[in-house]
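Naming convention: chains lettered A, B, ... in sequence-line order (proteins, then strands); numbering from 1 in each chain. Because the structure is predicted, anything quoted here is derived from the model rather than measured.
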Number of protein chains: 2
Amino acid sequence: MLHNRPRDLQETSEPNRVLQAIRQIVSEGLLPSDGRLPTERHLAAELEAGRASVRRALDTLEAEGLIWRKQGKGTFAGQPPDPTEELAAQIASDVDPLSAMEARLCIEPALADLCARRATADDVARLRKLAERTHDAEGSDSAELWDGALHRAIARIAGNRLMLTAFTLIDEVRMGDDWQEKRHRARTPETRAFYDAQHQKIIEAIDARNGPAAANAMRKHLETLFDNLRKSMEDRP
Amino acid sequence: MLHNRPRDLQETSEPNRVLQAIRQIVSEGLLPSDGRLPTERHLAAELEAGRASVRRALDTLEAEGLIWRKQGKGTFAGQPPDPTEELAAQIASDVDPLSAMEARLCIEPALADLCARRATADDVARLRKLAERTHDAEGSDSAELWDGALHRAIARIAGNRLMLTAFTLIDEVRMGDDWQEKRHRARTPETRAFYDAQHQKIIEAIDARNGPAAANAMRKHLETLFDNLRKSMEDRP
DNA sequence: GGATCAAACCAATCGTTCATTGGTTTGATT
DNA sequence: AATCAAACCAATGAACGATTGGTTTGATCC
């Protein structure tokens with residue numbers, strides 16, 4: 001119990017002690033993959049504090065934007081999920097890979113165009129870093145993730161909320177279903193080198209603030225992806 | 001049972017008899033407020049037919065777009081609901097008219113392209129009718145509505161669920177906010193004649209199955225809208 | 001008196017279970 | 001060949017209980 005603890009350990013107030021403890025849990029990577037924190041009751045028992053104290057500490061962390069809470073669900077690290085994801089999950093079931101690719105082919109060149117017109121020097125530097133990570137990635141899985149991050153960054157830099165939502169929609173559908181494995185097969189060492197070169201061209205066009213060129217480079221890149229996906233589906237449908 | 005029915009009442013085949021009966025149920029207002037039809041098993045018993053016959057009739061009605069079905073849920077009159085509206089309402093607040101217009105300029109030409117590649121003769125006929133209605137509309141309000149219907153029809157004919165969702169998102173945002181009045185001002189008798197001519201060009205390109213031309217015509221049309229909107233905002237911001 | 005805690009209750013959510021419903025196959029009947 | 005009846009599959013929804021954050025109350029300890 002708190003009251004039995006020696007005086008010299010009680011310099012800092014009770015809420016601060018709990019707050020720092022939880023802050024440490026959040027900042028360190030001690031959480032499950034979904035970012036879920038222990039329940040308030042569990043934290044209280046663990047930290048030998050009352051639930052009210054734990055809640056006050058969580059209030060602070062929530063105000064700082066480090067966690068978010070939802071009644072009946074739990075407490076999670078990071079920011080609350082975007083409502084776009086729910087919509088994506090709902091329509092993901094009746095969208096096939098080819099039509100998702102078709103939609104990308106419509107939207108992403110336009111995003112690259114906008115991106116070229118609005119990117120700052122910092123933005124371009126960030127894109128270069130992401131392309132580098134995609135290039136250096138060890139496994140095919142890892143390359144896939146960095147590639148996704150690159151495309152997402154371009155969409156974000158484009159700076160149009162509606163277009164970003166549309167992109168997120170497609171991206172969520174693309175990530176969360178059963179044809180991951182097909183794309184996986186479509187990514188061989190040769191294609192990866194090809195993709196890297198195409199990424200370079202896209203970023204160069206963006207760096208030159210040449211919107212149409214960026215759109216074209218993106219379109220070619222996606223067409224390559226499209227072709228490879230189709231081939232791998234024909235091989236083993 | 002069917003087999004006990006007198007010969008002279010059996011002129012029409014069994015599936016047609018069931019189809020007409022169900023069609024009547026749907027077209028009359030005999031359904032609950034949610035548009036739910038009786039279950040297939042119930043209909044089969046009611047119409048003294050087998051479930052397979054009922055299903056064939058429902059297949060026809062579904063192909064005609066009069067009903068939609070969902071496994072585990074039921075059969076309903078009309079078109080399947082679109083969950084996009086909620087998301088649109090959520091993000092509508094932080095989207096300004098110009099960026100919505102920008103998003104249209106990215107997406108709708110692509111939709112026109114797809115539409116040109118997939119439209120049937122019936123589709124084109126429907127588009128012509130809508131353009132005519134837009135032309136003949138009396139008030140500026142009415143013209144606005146028919147114009148929206150035309151653009152929506154093109155998006156639907158394009159036949160890509162994700163792109164349709166993206167379009168619906170923009171459309172909902174466009175409809176449901178405070179700058180309706182600005183667009184209203186931007187629609188004068190002169191501009192209306194201009195818009196009609198542009199609609200014609202779009203539909204002609206679609207009818208000729210010329211995707212790029214349709215995309216171009218749509219892009220020009222939207223740029224005109226864009227310019228007029230900008231002007232009317234400069235006049236009275 | 002202020003701070004803390006324990007307990008109890010409310011409300012939202014999730015997992016489970018079970019009935020319902022469309023989707024599909026099979027074999028019998030006419 | 002067409003139709004039907006039956007059985008099964010898969011997805012959905014309603015109902016229930018357990019869990020979790022949100023809130024209140026009264027006791028306890030400085």
What nucleotide, of D:dG22, D:dC4, C:dG23, holds the atom closest to the side chain of B:Ala49?
D:dC4
Measuring to OP1 and OP2 of D:dG21, would you say a side-chain N or O of A:Lys73 lies under 4.0 angstrom away?
no
Indicate whether OP1 or OP2 belonging to C:dC5 is found under 4.0 Å from a side-chain N or O atom of A:Ser53.
yes
Do the side-chain N or O atoms of A:Arg36 get closer than 4.0 angstrom to the phosphate oxygens (OP1, OP2) of D:dT20?
no
From C:dG23, D:dC4, C:dA11, nucleotide with atom closest to B:Ala52 side chain:
D:dC4
OP1 or OP2 of C:dT21 less than 4.0 angstrom from a side-chain nitrogen or oxygen of B:Lys70, does that happen here?
no
When you measure from the side-chain N and O atoms of B:Arg41 to the phosphate of C:dT21, is any distance below 4.0 Å, counting only OP1 and OP2?
no
May I ask you to decide whether B:Asp113 forms a salt bridge with B:Arg117, counting only side-chain N to carboxylate O separations under 4.0 Å?
yes
Within the structure, does a side-chain N or O atom of A:Arg51 lie under 4.0 Å from either OP1 or OP2 of C:dA6?
no
Pair A:Thr168, A:Asp171: side-chain N/O donor-acceptor within cut-off below 3.5 Å
no
Is any side-chain heavy atom of B:Arg128 closer than 4.5 Å to one of B:Asp207?
yes
Given atom CZ of A:Arg55 and atom C1' of D:dT25, what is their separation to the nearest angstrom?
15 Å
Listed nucleotide nearest any side-chain atom of B:Arg56, set D:dG22, D:dT3, C:dG22:
D:dT3
Could you check how far CD1 of A:Ile22 sits from C1' of D:dG21, rounded to whole Å?
14 Å
For the side chain of A:Thr39, counting heavy atoms from C-beta on, which of D:dT12, C:dG23, D:dG21 is nearest?
D:dG21
Mind checking whether A:His151 and A:His221 have parallel, tilted or perpendicular rings, split at 30° and 60°?
parallel
Does B:Arg69 put a side-chain nitrogen or oxygen below 4.0 Å from OP1 or OP2 of C:dG23?
yes
